Asks: 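My questions all concern the structure below.
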Number of protein chains: 2
Amino acid sequence: MSPENVYGSRGHGRHTKPYHVDTLKHIALLGGVKGYVSLSSKELGEKLGISQQSASQRILELLEADLIQRDLAARKQRVRLTAKGVDLVRREYADYKRVFEAREALTIHGTVTSGLGEGAFYMKQRGYKEQFREKLGFEPYEGTLNLKIGGEDLVALNILEEEPGVVIDGFTDSGRTFGGAKCFAASLKGVECHAILPLRTHHTDNLELIARGHLRSKLGLRDGDEVAVEVRL
Amino acid sequence: MSPENVYGSRGHGRHTKPYHVDTLKHIALLGGVKGYVSLSSKELGEKLGISQQSASQRILELLEADLIQRDLAARKQRVRLTAKGVDLVRREYADYKRVFEAREALTIHGTVTSGLGEGAFYMKQRGYKEQFREKLGFEPYEGTLNLKIGGEDLVALNILEEEPGVVIDGFTDSGRTFGGAKCFAASLKGVECHAILPLRTHHTDNLELIARGHLRSKLGLRDGDEVAVEVRL
DNA sequence: ATTACTAATCATCGAGTAG
DNA sequence: TCTACTCGATGATTAGTAA
């Protein structure tokens with residue numbers, strides 16, 4: 001588990017309390033990930049084994065932390081998780097998945113996308129290129145293959161976030177700061193490559209792949225193609 | 001989630017506190033499921049974002065609740081989860097899995113075993129037979145096919161425990177009490193059957209199947225055969 | 001019925017420190 | 001070093017009740 005992932009900073013919110021994840025889990029189990037669910041504070045209290053008053057308080061705290069949204073128009077409130085709330089719960093899920101399904105490799109499904117071409121800019125930086133040669137043993141093509149990850153495969157990204165990988169250090173060049181990243185050996189349709197993730201940024205649903213050559217042309221990939229990449233841990 | 005699954009009674013322990021599952025999760029992530037891991041109270045405190053003193057206290061509470069075992073012989077303590085502790089964490093995992101991988105069917109792998117022939121005794125009871133005819137629409141063969149479930153498939157059993165299913169009520173006959181159960185439609189190698197689970201008992205690694213005919217002879221199954229059963233929710 | 005405020009109670013936590 | 005005790009401070013929960 002990442003060192004920052006402690007109560008005081010969990011979910012990047014300043015007000016995240018230890019029991020919030022569990023509360024979110026119960027709302028999620030009622031369908032709060034897909035849409036609003038009718039849930040009185042009394043009902044929530046019963047599910048959590050606490051009083052109506054405490055449950056009401058927790059709802060207020062989750063609202064304050066932007067982890068749920070509420071519709072208080074009708075007699076009975078309706079709640080749903082925010083994207084941030086879903087993300088927090090999915091991260092917790094990733095932890096448990098790591099406990100029981102620790103593997104040497106993860107298969108992640110994604111859709112080929114163009115992105116903003118930002119990857120190429122970063123791949124051209126000398127500060128990165130030298131480290132790639134040193135730590136990965138090759139100098140990658142100056143561009144990345146961007147995969148959009150969705151649905152059940154998102155949890156795999158959360159697992160990667162918590163695995164060490166090969167660390168590429170951040171640096172500064174001409175007054176600009178370039179953040180650190182980590183790499184995992186991977187293969188895409190039999191072609192060896194590396195998955196690369198920023199060290200700090202979370203909340204992403206993208207996975208970038210780098211390789212010796214130009215993956216897109218080598219594999220004849222186009223935007224929208226569905227692929228499965230095998231990432232080794 | 002089952003109504004009993006609240007803090008006060010979680011894991012059937014009288015002393016289970018809300019943060020115990022999270023503490024167990026961190027120990028599990030370090031390898032505490034497979035064996036002892038060296039873990040000082042200071043280290044645990046850092047992982048949980050609490051002080052060394054509080055972490056020490058949590059270790060004592062987990063020991064008291066029979067959720068971990070400890071080896072305090074060396075300079076640094078070593079801890080591991082008990083079966084009860086693993087079970088508690090796996091149940092939590094099942095909750096999260098249900099949130100993100102809610103499906104209409106679960107595929108569960110198991111090994112055919114003979115068991116003690118107890119299944120047949122229960123299947124002969126009139127109190128059950130009448131309910132099977134009424135609620136499942138057929139009267140099953142007077143015996144069960146017993147599957148031993150292991151490893152990663154155990155979490156599927158925990159998911160079934162939390163799903164409603166078709167409830168078979170308990171009853172008393174000749175002064176003896178017969179507990180309730182719940183059934184899920186299933187198929188084994190293309191043959192329609194039902195999975196049946198006791199309503200109260202937990203901590204099992206067995207799954208019993210009932211069907212119109214004798215599954216074992218119909219499918220040519222022997223003890224030790226590996227099968228996959230598709231259970232519909 | 002609801003939600004949620006306030007005040008009192010109760011539990012959790014960490015600093016200091018002993019073994 | 002380590003674990004873990006005491007105890008005062010902090011934080012969480014609930015009963016009573018308002019709206």
Side-chain angles (χ1 to χ4, degrees), chain A residues 5-11 13-27 30 32 36-81, chain B residues 5-11 13-27 30 32 36-81:
Chain A
N5 201 356
V6 293
Y7 298 141
S9 65
R10 180 137 220 176
R14 261 165 284 281
H15 306 294
T16 314
K17 304 223 182 153
Y19 45 71
H20 281 172
V21 182
D22 189 62
T23 311
L24 287 173
K25 184 193 79 176
H26 279 85
I27 299 173
L30 295 169
Y36 280 105
V37 288
S38 178
L39 179 65
S40 73
S41 50
K42 185 166 181 287
E43 287 167 340
L44 179 61
E46 282 163 6
K47 293 208 175 292
L48 295 173
I50 60 177
S51 68
Q52 171 271 321
Q53 292 89 337
S54 297
S56 175
Q57 174 64 19
R58 290 202 184 178
I59 293 283
L60 294 174
E61 288 169 5
L62 292 177
L63 283 167
E64 174 66 22
D66 192 32
L67 294 168
I68 61 169
Q69 290 174 351
R70 177 165 68 161
D71 168 17
L72 196 41
R75 287 174 56 251
K76 206 168 163 186
Q77 70 190 349
R78 299 186 313 142
V79 293
R80 69 174 298 170
L81 273 65
Chain B
N5 203 357
V6 292
Y7 297 141
S9 64
R10 181 136 219 176
R14 261 165 286 280
H15 307 294
T16 314
K17 304 224 183 155
Y19 44 70
H20 281 171
V21 181
D22 189 61
T23 311
L24 286 173
K25 183 194 79 176
H26 279 85
I27 300 172
L30 296 169
Y36 281 105
V37 288
S38 178
L39 179 66
S40 73
S41 50
K42 184 165 180 288
E43 287 168 340
L44 179 61
E46 283 162 6
K47 293 208 175 288
L48 295 173
I50 59 178
S51 68
Q52 172 270 321
Q53 293 88 336
S54 297
S56 175
Q57 175 64 19
R58 290 204 184 177
I59 293 282
L60 295 174
E61 288 169 4
L62 292 176
L63 282 167
E64 174 66 23
D66 193 31
L67 293 168
I68 60 169
Q69 290 174 351
R70 177 165 68 162
D71 168 16
L72 195 40
R75 287 174 53 251
K76 205 169 164 184
Q77 70 190 351
R78 297 187 313 141
V79 294
R80 67 174 301 172
L81 273 64

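Being a predicted model, the structure only gives us computed values, none of them experimental.
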Asks: Is the phosphate of dT2(C), meaning OP1 or OP2, less than 4.0 Å from a side-chain N or O of K42(A)?
Replies: no
Asks: Could you state the CG-C1' distance from L44(B) to dG14(C), rounded to the nearest angstrom?
Replies: 15 Å
Asks: If you compare all heavy atoms of L24(B) against all heavy atoms of L67(B), which two are closest, and at what distance to 0.1 Å?
Replies: CD2-O, 3.9 Å
Asks: So which atom in E43(B) and which in S38(B) form the shortest heavy-atom distance, rounded to 0.1 Å?
Replies: OE1-O, 4.0 Å
Asks: So, is R70(A) near the phosphate of dA4(C), with a side-chain N or O under 4.0 Å from OP1 or OP2?
Replies: yes
Asks: For dT3(D), give the paired nucleotide (Watson-Crick: N1-N3 plus N6-O4 or O6-N4; G-U: N1-O2 and O6-N3; both under 3.5 Å), or none.
Replies: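 Here dT3(D) is engaged in a pair, and the nucleotide opposite it is dA18(C).
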Asks: How is L60(B) classified with respect to the nucleic acid when contacts are heavy atoms under 4.0 Å: base, sugar-phosphate, or nothing?
Replies: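 Result for L60(B) = sugar-phosphate.
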Asks: Would you say NZ of K76(A) has more than 12 non-hydrogen atoms from neighbouring residues, nucleotides or ligands within 6.0 angstrom?
Replies: yes
Asks: Of the non-hydrogen atoms in L39(A) and L30(A), which two are nearest, and what is the gap between them?
Replies: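 The pair with the smallest heavy-atom distance is CD1-CD1, 3.7 Å.
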Asks: Nearest whole Å is fine: how far is dA4(C) P from I50(A) CD1?
Replies: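 These atoms are roughly 14 Å apart.
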Asks: Just checking Q77(A): base, sugar-phosphate only, or nothing, at a heavy-atom cut-off of under 4.0 Å?
Replies: sugar-phosphate
Asks: Counting side-chain heavy atoms from CB outward, which of dA4(D), dG14(C), dA12(D) is closest to Q52(B)?
Replies: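 Per side-chain heavy atoms of Q52(B), the pick is dA4(D).
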Asks: Let me know the distance between CD of E43(A) and P of dA4(C), rounded to the nearest Å.
Replies: 15 Å
Asks: Shortest non-hydrogen contact from H26(B) to K47(B)?
Replies: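 Scanning both residues, the minimum pair turns out to be NE2-O, 3.7 Å.
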Asks: To the nearest Å, how far apart are I59(B) CD1 and dT3(D) P?
Replies: 8 Å
Asks: Roughly how far apart are L62(B) CG and Y19(B) OH, rounded to 0.5 Å?
Replies: 9.0 Å
Asks: Figure out the CZ/P separation between R78(B) and dC2(D), and round it to whole Å.
Replies: 17 Å
Asks: Should S41(B) be listed as having a side-chain N or O under 4.0 Å from OP1 or OP2 of dT3(D)?
Replies: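 Answer yes for this pair, as a side-chain N or O of S41(B) is under 4.0 Å from OP1 or OP2.
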Asks: With a non-hydrogen cut-off below 4.0 angstrom, is S54(B) in contact with a base, only sugar-phosphate, or nothing?
Replies: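 Here S54(B) touches the bases of the nucleic acid.
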Asks: Whole angstrom is fine here: how far is it from CG in L72(A) over to P in dA1(C)?
Replies: 18 Å
Asks: Nearest-nucleotide wise, let me know which of A55(B) and L39(A) is further upstream toward the 5' end of DNA chain C.
Replies: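 Closer to the 5' end of DNA chain C: L39(A).
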Asks: Decide yes or no, distance alone: a donor-acceptor N/O pair under 3.5 angstrom between the base of dA12(D) and the side-chain of Q57(A).
Replies: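 Answer no: no donor N or O sits under 3.5 Å from an acceptor.
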Asks: To the nearest angstrom, how far is D71(B) atom CG from dC2(D) atom P?
Replies: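 Distance check: D71(B) CG to dC2(D) P gives 16 Å.
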Asks: OP1, OP2 of dT3(C) versus side-chain N and O of R75(A): anything below 4.0 Å?
Replies: no
Asks: Name the closest nucleotide to the Q53(A) side chain, picking from dT3(C), dG14(C), dG16(D).
Replies: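 Closest of the options to the side chain of Q53(A): dG16(D).
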Asks: If you compare every side-chain N and O of R58(A) against the phosphate oxygens of dT13(D) (OP1, OP2), does one of them come in below 4.0 Å?
Replies: yes
Asks: What integer distance in Å separates E46(A):CD from dT14(D):P?
Replies: 12 Å
